[in-house]
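Please read all numbers here as calculations on a predicted model, not as lab measurements.
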Amino acid sequence: MLPFPPRDSYPKQLIVDIHSYCNARCSICPYPLLKKKNPMGIMDENLFIKIIDDFSDLSKKNKFKGQVLFCNMGDLFVHPKIAIDRLRYVIQSDLKFSIQTNAELMAPEVVDSLKETGFNGSITISCHGISPDVYKQIMGLNIGKTLKNIDYLLQNYPKEKVGIQSIPHHWPRGEAKRVRSFFRQKNISVRMPLPNNRAGLLPEISVNNKTSLRGCNAGRPLGEMVICFDGDVVLCCNDMGRAEIVGNLKNNTIQDIWNGDKMLQKISQIYCGAPSPNDFICKKCEFGITSNGSVNRLLKNIRYETKKFFLTYLW
């Protein structure tokens, strides 16, 4: 068995599904399938307050600035009033807050409400293509509406706090250049990570199943807790299908679950070489590491960066 990895006794970031709904139908996301299989709903307000109060107390006690994001499953602005009210509570609890959204529902009145809360965090906008047909094919949305919302945001919020995440997936030749050029004119940075298969939920984006594990390239289970709308805690943000539920926060504290037997067992299976079933979610995830050898990890990173360079600069 390998040694247990360095890990604080509390998470430093929470991803909280204040609801589980999304307006997009992205081909690089399993949501369209999972919405028919997963429990769906809106987080109870009392449960939300309990979670944020608990995290705020942990943050103050341990002298760190806790980070909160909303909606791993969907887009927070599907229910804008709920999003704004709960965002305001996070800010009042002296926690940091960042927004990840596709921006199609981030209308001018929503931006105005954001400013009224005192929000001043980063905003990452998922925009997977810039040509209307490409955008529609990948996200199932109208890019004209989205771009109008982005323009209003840029006129009323610091540009340096706004970024674009654009994932190349079945793009026609030149689309990456068009995306970069479009947002460069607006002085907005663009990040282009490759699509991932969400730990096996998107088999079209293939990855070899692993027979053993020696770590996680993303390191999320060491610092991030993902909470479903009903209080269930899953192992990682890639576990949108709820394959590995490690506890529920309705009647437990954050630390109860973070340091609980189920979570520690999963950490041992990921990082320490403890036995795990063949269908363990991390064995299907491209972030799973099969060797701690520096050469193997270097080669894996080189392959990733080479493919990314080809798709986002040369193609």
Practice task
Starting from the C-alpha separation in whole Å, work towards a yes-or-no answer on side chain to side chain donor-acceptor pair (under 3.5 Å) for E175 and S131.
Solution key: CA-CA 7 Å; E175 187 68 12; S131 304; 2.7 Å; yes
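- Minimum heavy-atom separation, P168 to P195: O-CD, 3.4 Å.
- A side-chain contact (heavy atoms from CB on, under 4.5 Å) with I125 is found for one member of V162, I188, N102 and no other, namely V162.
- Two residues are said to be in side-chain contact when any heavy atoms from C-beta on lie closer than 4.5 Å; M73 and C22 fail this criterion.
- Across every non-hydrogen atom of A176 and M192, the tightest pair is O-CE, 3.5 Å.
- Of all heavy-atom pairs spanning P221 and C216, the tightest one is CD-SG, 4.3 Å.
- Heavy-atom neighbours of K161 NZ from other residues, nucleotides or ligands within 6.0 Å: above the threshold of 12.
- Geometrically, R220 engages F287 in a cation-pi contact, judged by NZ or CZ lying under 6.0 Å from the ring centre and within 45° of the ring axis.
- Across all non-hydrogen atoms, the minimal contact from C272 to F4 is SG-CA, 3.7 Å.
- Side-chain atoms of N38 come within 3.5 Å of backbone N or O of M240 as a donor-acceptor pair.
- A 4.5 Å side-chain heavy-atom check between Y31 and C26 finds every atom pair outside the cut-off.
- The hydrophobic cluster containing I205 does not contain L33, counting ILVMFWY residues as joined when their side-chain heavy atoms lie under 4.5 angstrom apart, directly or transitively.
- A donor-acceptor pair under 3.5 Å is formed between the side chain of N149 and the backbone N or O of A103.
- When each of N142, V179, T146, I130 is checked for a side-chain contact (heavy atoms from CB on, under 4.5 Å) with Y135, only T146 meets the rule.
- Hydrophobic cluster membership is shared by I84 and L76, with clusters built from Ile, Leu, Val, Met, Phe, Trp and Tyr side chains linked at under 4.5 angstrom.
- Of the N and O atoms on the side chains of S98 and Q67, at least one donor lies less than 3.5 Å from an acceptor on the other residue.
- More than 12 heavy atoms of other residues, nucleotides or ligands sit less than 6.0 Å from atom NZ of K159.
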Exercise for the section: Start with the C-alpha distance between L105 and V110, add both sets of side-chain angles, then the distance that settles side-chain contact (heavy atoms from CB on, under 4.5 Å), and finish with yes or no. Expected result: CA-CA 8 Å; L105 298 175; V110 174; over 6 Å; no
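- Counting only distance, with no hydrogens or angles, the side chain of H128 and the backbone of I167 share a donor-acceptor pair below 3.5 Å.
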Practice task
Would you check, one step at a time, whether the test salt bridge (charged side-chain N to carboxylate O under 4.0 Å, His left out) holds for D44 with K250?
Solution key: CA-CA 10 Å; D44 177 78; K250 287 181 180 177; over 6 Å; no
Exercise for the section: Dump the intermediate steps for side-chain contact (heavy atoms from CB on, under 4.5 Å) on E204 and H169, then the final yes or no. Expected result: CA-CA 11 Å; E204 178 191 354; H169 184 61; 3.7 Å; yes
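- We find the CD-SG distance between Q100 and C237 to be 8.5 Å, quoted to the nearest 0.5 Å.
- W258 and L95 fall within the same hydrophobic cluster, defined by Ile, Leu, Val, Met, Phe, Trp and Tyr side-chain heavy atoms under 4.5 Å apart, directly or through other members.
- Ring orientation note: the planes of F119 and Y157 are close to parallel, at an angle under 30° on the 30°/60° scale.
- Between the side chains of K283 and S276, at least one donor N or O lies within less than 3.5 Å of an accepting N or O.
- The shortest non-hydrogen separation linking P6 to L222 is O-CD1, 4.3 Å.
- If you check the side chains of D232 and N248, you find a donor sitting under 3.5 Å from an acceptor.
- Separation of the F70 and F97 ring centroids falls under the 6.0 Å cut-off.
- Y152 and D112 share a donor-acceptor pair across their side chains, judged by distance under 3.5 Å alone.
- The cluster map of Ile, Leu, Val, Met, Phe, Trp and Tyr, joined by side-chain heavy atoms under 4.5 Å apart, puts L235 and L69 in different clusters.
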Exercise for the section: Go through K186 and D151 one step at a time and tell me if the salt bridge (charged side-chain N to carboxylate O under 4.0 Å, His left out) criterion holds. Expected result: CA-CA 9 Å; K186 297 178 181 293; D151 282 342; 2.8 Å; yes
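- Cluster membership for L14 and I245, using ILVMFWY side-chain heavy atoms within less than 4.5 angstrom, is not shared.
- No side-chain donor-acceptor contact under 3.5 Å links N72 to the backbone of I15.
- Residue K60 places its NZ atom among more than 12 non-hydrogen atoms of other residues, nucleotides or ligands, all under 6.0 Å distant.
- Environment of CG in D133: crowded, with over 12 heavy atoms of neighbouring residues, nucleotides or ligands closer than 6.0 Å.
- Here the CZ atom belonging to F55 is positioned 8.5 Å from the CD1 atom belonging to I227, to the nearest 0.5 angstrom.
- The number of heavy atoms from other shown groups lying within 6.0 Å of CZ (F64) is above 12.
- In this structure, a donor-acceptor pair under 3.5 Å is absent between the side chains of Y271 and R7.
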Practice task
Show the numbers, then the answer: is there a side chain to side chain donor-acceptor pair (under 3.5 Å) between Y10 and D54?
Solution key: CA-CA 11 Å; Y10 46 83; D54 186 4; over 6 Å; no
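- Using a cutoff of 4.0 Å between basic side-chain nitrogens and carboxylate oxygens, K65 and D94 are scored as salt-bridged.
- Environment of CD in E45: sparse, with no more than 12 heavy atoms of neighbouring residues, nucleotides or ligands closer than 6.0 Å.
- Taking all atoms of both residues into account, the shortest heavy-atom contact from R173 to R178 is O-NH2, 3.3 Å.
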